[in-house]
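To start, the structure under review is shown below, and the notes come after it.
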Protein chains: 2
Amino acid sequence: MPQEKTKSLKIDDVSRQSGLTKRTIRFYEDLGLIPKPERSAGGTRRYRQEHVDVLRKISQMKVALGFTLEEMQRFMHLNDALYDYREDYKNLSDRKKKQDRLKEIVGVIDEQLQLVESKLEKIHKVKLELVAMRKRATIGMQKLKKSEGKI
Amino acid sequence: MPQEKTKSLKIDDVSRQSGLTKRTIRFYEDLGLIPKPERSAGGTRRYRQEHVDVLRKISQMKVALGFTLEEMQRFMHLNDALYDYREDYKNLSDRKKKQDRLKEIVGVIDEQLQLVESKLEKIHKVKLELVAMRKRATIGMQKLKKSEGKI
DNA sequence: CATAAATCTAACGTTTACGTTAAGGTTATT
DNA sequence: AATAACCTTAACGTAAACGTTAGATTTATG
């Protein structure tokens with residue numbers, strides 16, 4: 001039976017697969033933006049594919065939403081919060097507390113949703129402007145074409 | 001007949017109306033992001049409402065699109081390019097040249113449109129993720145509610 | 001097992017997008 | 001016309017987000 005090791009990745013692999021520099025990857029780890037990877041006996045970081053996925057996501061979101069890393073932290077924590085919540089879901093000891101926690105989480109999610117929606121709107125407006133500009137320009141070209149014969 | 005002066009604004013007025021600091025306004029002028037305002041005899045900047053509009057737009061777009069100021073310059077130049085084109089539209093001297101110029105402009109617009117659309121997509125994905133998370137969280141709350149009686 | 005190639009931490013450097021302060025000139029008000 | 005309130009340029013300061021370099025391991029390879 002082959003040892004089913006998920007073949008750990010070195011930081012350079014992660015760098016190439018995520019498009020982020022090694023410095024940035026370590027930096028994000030320091031900030032707590034990504035989970036700390038395992039270490040070899042000698043101290044070398046050993047990543048799993050999961051890390052690449054998270055890094056890709058962070059990178060995309062940062063570019064798309066224009067979030068600062070601090071904002072990204074808040075966002076990333078949402079997933080963790082929900083996951084953590086599930087983790088100790090079975091010990092239903094304090095129902096009231098659990099409910100409050102969930103309400104809190106939903107609150108933060110709604111905040112983020114509003115933010116994202118307002119960004120969508122604004123960008124949509126920008127798109128409309130661009131489309132209008134394009135139209136103006138192409139109309140200009142058509143006018144040129146029409147007057148082509150009569151030189 | 002009342003002298004129809006469009007009542008020039010001082011930098012502090014522009015600052016309050018645009019939400020940008022005076023420093024930022026001067027900074028953007030240095031970068032060529034906004035047209036240079038007139039100056040009084042003594043050298044004080046005299047703005048018009050138009051300036052406020054442009055500044056507001058820049059501010060919004062910067063936040064929404066996460067553009068750097070350099071990218072904003074490219075974008076802002078599109079408007080100018082189209083306007084300039086119209087300016088000397090009547091002297092149709094070189095039809096070929098005009099057509100090339102317009103093609104160029106449309107090309108840049110299309111670039112920007114692609115960029116904007118890809119941003120819209122990415123943000124939409126983020127939104128979907130948030131919605132999914134919200135659902136997970138609210139389902140959790142319902143489970144709690146259901147198990148409420150049987151303590 | 002020697003040596004090259006990659007990794008580690010730590011620290012200082014850089015760029016962007018302004019903030020802040022200084023020193024002096026201009027406008028507005030009394 | 002004096003004085004406050006605002007404006008000007010110039011220069012240095014700063015926070016965020018990494019880049020770069022150094023010096024010391026560690027890991028991979030012939």
With sequence neighbours left out, the residues meeting salt bridge (charged side-chain N to carboxylate O under 4.0 Å, His left out) with Lys97(A) are none

Query - Contact residues, residues 69-77 of chain B to DNA chain C [heavy atom, < 4.0 Å] - result: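 Result for residues 69-77 of chain B: Leu69(B), sorted by number.
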
Give the rounded distance in Å between these two atoms: [atom1] of [X] and [atom2] of [N].
X	N	atom1	atom2	value
Asp12(A)	dA5(C)	CG	C1'	10 Å
Leu9(B)	dT27(C)	CG	C1'	16 Å
Lys36(A)	dT9(C)	NZ	P	9 Å
Lys22(B)	dT21(C)	NZ	P	14 Å
Glu38(B)	dT26(C)	CD	C1'	18 Å
Phe67(A)	dA17(D)	CZ	C1'	17 Å
Ile25(B)	dC6(D)	CD1	C1'	14 Å
Lys10(B)	dA5(D)	NZ	P	13 Å

Quick one, [X] and [Y] - any side-chain contact, counting heavy atoms below 4.5 Å?
X	Y	value
Leu55(B)	Tyr47(B)	no
Leu102(A)	Lys98(A)	no
Lys135(B)	Ile139(B)	yes

**OP:** Give a yes/no on whether any side-chain N or O of Tyr28(A) is located under 4.0 angstrom from OP1 or OP2 of dC18(D).
**Re:**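 For dC18(D), OP1 or OP2 has a side-chain N or O of Tyr28(A) closer than 4.0 Å.
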
Practice item. Give a yes/no answer on whether the side chain of Lys62(A) brings an N or O atom under 4.0 Å of OP1 or OP2 in dA16(D). Key: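 Result: no.
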
Nearest-neighbour nucleotide for the [X] side chain, [options] considered:
X	options	answer
Thr24(A)	dA17(D), dG19(D), dT7(C)	dG19(D)
Thr44(A)	dT8(D), dT26(D), dC18(C)	dT26(D)
Thr21(B)	dA28(D), dG19(C), dT7(C)	dG19(C)

Q. According to the side-chain hydrogen bond (donor to acceptor under 3.5 Å, both in side chains) rule, which pairs have a member within residues 51-63 of chain A, sequence neighbours left out?
A.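 Residue pairs passing side-chain hydrogen bond (donor to acceptor under 3.5 Å, both in side chains), neighbours aside: Lys57(A)-Glu129(B).
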
Contacts satisfying side-chain hydrogen bond (donor to acceptor under 3.5 Å, both in side chains) that involve residues 22-39 of chain B (not counting sequence neighbours) are Thr21(B)-Thr24(B), Glu29(B)-Arg45(B)

Assign each of Leu31(B) and Asp13(A) the nucleotide of DNA chain C bearing its closest heavy atom; nearer the 5' end lies the nucleotide of Asp13(A)

### Query
Is the side chain of Glu71(B) donor-acceptor paired with the backbone N or O of Thr68(B) at a distance under 3.5 Å, no angle test?
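Side chain of Glu71(B) to backbone of Thr68(B), a donor-acceptor pair under 3.5 Å: yes, one is there.
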
**Prompt:** Between the main-chain N or O of Met61(A) and the side-chain N or O of Lys125(B), is there a donor-acceptor pair closer than 3.5 Å?
**Reply:** no

- Message: Exactly one of Lys10(A), Gln17(A), Arg16(A) should register a side-chain hydrogen bond (donor to acceptor under 3.5 Å, both in side chains) with Asp13(A). Which one does?
- Response: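 When side-chain hydrogen bond (donor to acceptor under 3.5 Å, both in side chains) is applied between Asp13(A) and each of Lys10(A), Gln17(A), Arg16(A), only Arg16(A) qualifies.
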
Q. Who pairs with Glu104(A) by side-chain contact (heavy atoms from CB on, under 4.5 Å), at least two apart in sequence or on another chain?
A.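 In terms of side-chain contact (heavy atoms from CB on, under 4.5 Å), with neighbours along the sequence ignored, Glu104(A) is linked to Arg101(A).
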
Between Arg46(A) and Phe27(A), whichever has its closest DNA chain D nucleotide further toward 5' is Phe27(A)

Check the interface with nucleotides 9-12 of chain D: list each N/O to N/O pair with the protein under 3.5 Å, or write none.
from	atom 1	to	atom 2	distance (Å)
dT9(D)	OP1	Arg39(B)	NH1	3.4
dT9(D)	OP1	Arg39(B)	NH2	3.0
dT9(D)	OP1	Arg45(B)	NH2	3.4
dT9(D)	OP2	Arg45(B)	NH2	2.1

